[in-house]
2 protein chains.
Amino acid sequence: MTTYDNADLKKAGLKITVPRLKILDLLEQAENRHMSAEEVYKRLMEEGNDVGLATVYRVLTQFESAGLVLRHNFEGGHSVFELNHDDHHDHMVCSETGTVIEFCDPVIEKRQREIAEEHGYSLVDHSLILYVKPKSSGSNRN
Amino acid sequence: MTTYDNADLKKAGLKITVPRLKILDLLEQAENRHMSAEEVYKRLMEEGNDVGLATVYRVLTQFESAGLVLRHNFEGGHSVFELNHDDHHDHMVCSETGTVIEFCDPVIEKRQREIAEEHGYSLVDHSLILYVKPKSSGSNRN
DNA sequence: ATGGATGCAAACTGTTTGCAATATG
DNA sequence: CATATTGCAAACAGTTTGCATCCAT
């Protein structure tokens, strides 16, 4: 498991500061690896570390540029961040519980590249999110 | 090609009003089928139809609920709308030109369903966007 | 005539930025 | 000590909402 430390911050040209370490820490620790900036902020406050929300955004953005963190734009115009363990994966979000499940499917990955090629492009990135509901869920239509 | 008309509005419980017809019209006509609310608004203004931006949002949202229109959340926290021709497809966005290409791949569609099932869920919806660049593009890094 | 629809402006959410104070290397 | 970083508040973009007016039915 990729775990980032001071060295990684330095490598990214970022000074070792309390907010940065705390945020990195939080992302490592977090049971729920996918957090919004707001969540990170709240969590830090709860733990007594009072960083500004603006700093959280700035740090997360810097981490993203540095490749330490991935940003995903889920539905509803808000982003979630997660540590970049450079094991690529996509997401499945349960509409009832909000649970986020990660998955990676080689078949889909391959087809994506092929499709881009077929259209004369090369794949730079992609975003795939499956919105699902529990199979045994209350409303069983179809 | 699915083309909506007054009857469809009525069916959706929506009164036939100028803004609604104009917006529907715009979406039918538009060379670029994918437009943001802001774009729809600007276009309408240019054509001399002065509707409020709020109305554009309201109407597009109603159309979405009515199934006449699809809303996609692209990167950068802004949505684009397109007429729902109920031929499902995903999108490929060129990072250099902004061009949006539609595609639908049965292999991917099938795998998505399977993956959801494998995790004990059933697929409700999904969002797949490929970010691509022209194969012969200037910057050939990697 | 009557309730839905509109336009405007004000409210809101998520995110970014200017700036003076502060902390890191 | 110089400069990157922070916190705060103000600025922003995109979208939603309250309300009085207006229009389709």
Side-chain angles (χ1 to χ4, degrees), chain A residues 5-26 34-66 68-82, chain B residues 5-26 34-66 68-82:
Chain A
D5 59 0
N6 299 25
D8 298 292
L9 289 184
K10 283 196 183 125
K11 238 179 298 176
L14 300 173
K15 287 188 176 173
I16 314 296
T17 69
V18 177
R20 289 191 181 134
L21 288 178
K22 290 299 178 190
I23 292 176
L24 207 46
D25 221 56
L26 196 70
H34 307 80
M35 316 180 68
S36 67
E38 207 84 31
E39 280 164 354
V40 170
Y41 172 67
K42 251 193 306 188
R43 202 65 77 82
L44 289 176
M45 293 302 260
E46 286 167 11
E47 293 178 5
N49 311 298
D50 80 277
V51 285
L53 178 55
T55 300
V56 172
Y57 275 106
R58 269 184 298 230
V59 169
L60 286 175
T61 303
Q62 291 161 341
F63 283 3
E64 188 195 6
S65 309
L68 306 184
V69 150
L70 295 176
R71 176 198 301 241
H72 305 286
N73 299 310
F74 283 10
E75 292 286 317
H78 77 302
S79 310
V80 294
F81 299 83
E82 68 171 312
Chain B
D5 59 1
N6 298 26
D8 297 292
L9 289 184
K10 283 198 183 121
K11 239 180 297 173
L14 300 173
K15 289 187 175 173
I16 314 296
T17 68
V18 177
R20 289 192 182 133
L21 289 178
K22 289 298 178 191
I23 291 176
L24 207 46
D25 222 55
L26 197 69
H34 307 81
M35 316 180 68
S36 68
E38 207 84 31
E39 280 165 355
V40 170
Y41 173 67
K42 252 193 305 186
R43 201 66 75 83
L44 289 176
M45 292 303 261
E46 286 168 10
E47 293 179 5
N49 310 298
D50 80 275
V51 286
L53 178 53
T55 300
V56 172
Y57 275 106
R58 267 184 299 230
V59 170
L60 285 174
T61 304
Q62 291 160 341
F63 283 3
E64 189 195 6
S65 309
L68 306 184
V69 149
L70 295 177
R71 176 199 299 243
H72 305 286
N73 299 310
F74 283 11
E75 292 286 318
H78 77 301
S79 310
V80 295
F81 300 82
E82 68 171 310

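Nothing here was measured: the structure is a model prediction, and the numbers come from that model.
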(request) Side-chain contact test, heavy atoms from C-beta onward, threshold under 4.5 Å: evaluate it for A:Val59 versus A:Leu14 and give yes or no. (result)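 They are not in side-chain contact.
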(request) For each nucleotide in nucleotides 20-25 of chain D, reading 5' to 3', give B when a protein heavy atom comes within less than 4.0 Å of its base, S when such contact involves only the sugar-phosphate, and - otherwise. (result) ----BS
Round to the nearest Å and state the distance from [X] atom [atom1] to [N] atom [atom2].
X       : N      : atom1 : atom2 : value
B:Leu60 : C:dT6  : CG    : C1'   : 15 Å
A:Asn73 : C:dT13 : CG    : P     : 19 Å
A:Asn6  : C:dT24 : CG    : P     : 12 Å

Apply side-chain hydrogen bond (donor to acceptor under 3.5 Å, both in side chains) to [X] and list each qualifying residue two or more places apart in sequence or on a separate chain.
X       : result
A:Ser36 : none
A:Arg58 : none
B:Glu38 : none
A:Asn6  : none

(request) Considering only NZ, NE, NH1 and NH2 on the basic side and carboxylate oxygens on the acidic side, decide whether B:Lys11 and B:Asp8 come within less than 4.0 Å. (result) yes
(message) For D:dT15 and B:Arg58 - does any side-chain N or O of the residue sit under 4.0 Å from the phosphate oxygens OP1/OP2?
(response)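 No, no such contact exists.
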(message) Below 4.0 angstrom, which residues in residues 41-57 of chain A have at least one non-hydrogen atom near DNA chain C?
(response)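 Close to the strand are A:Leu53, A:Ala54, A:Tyr57.
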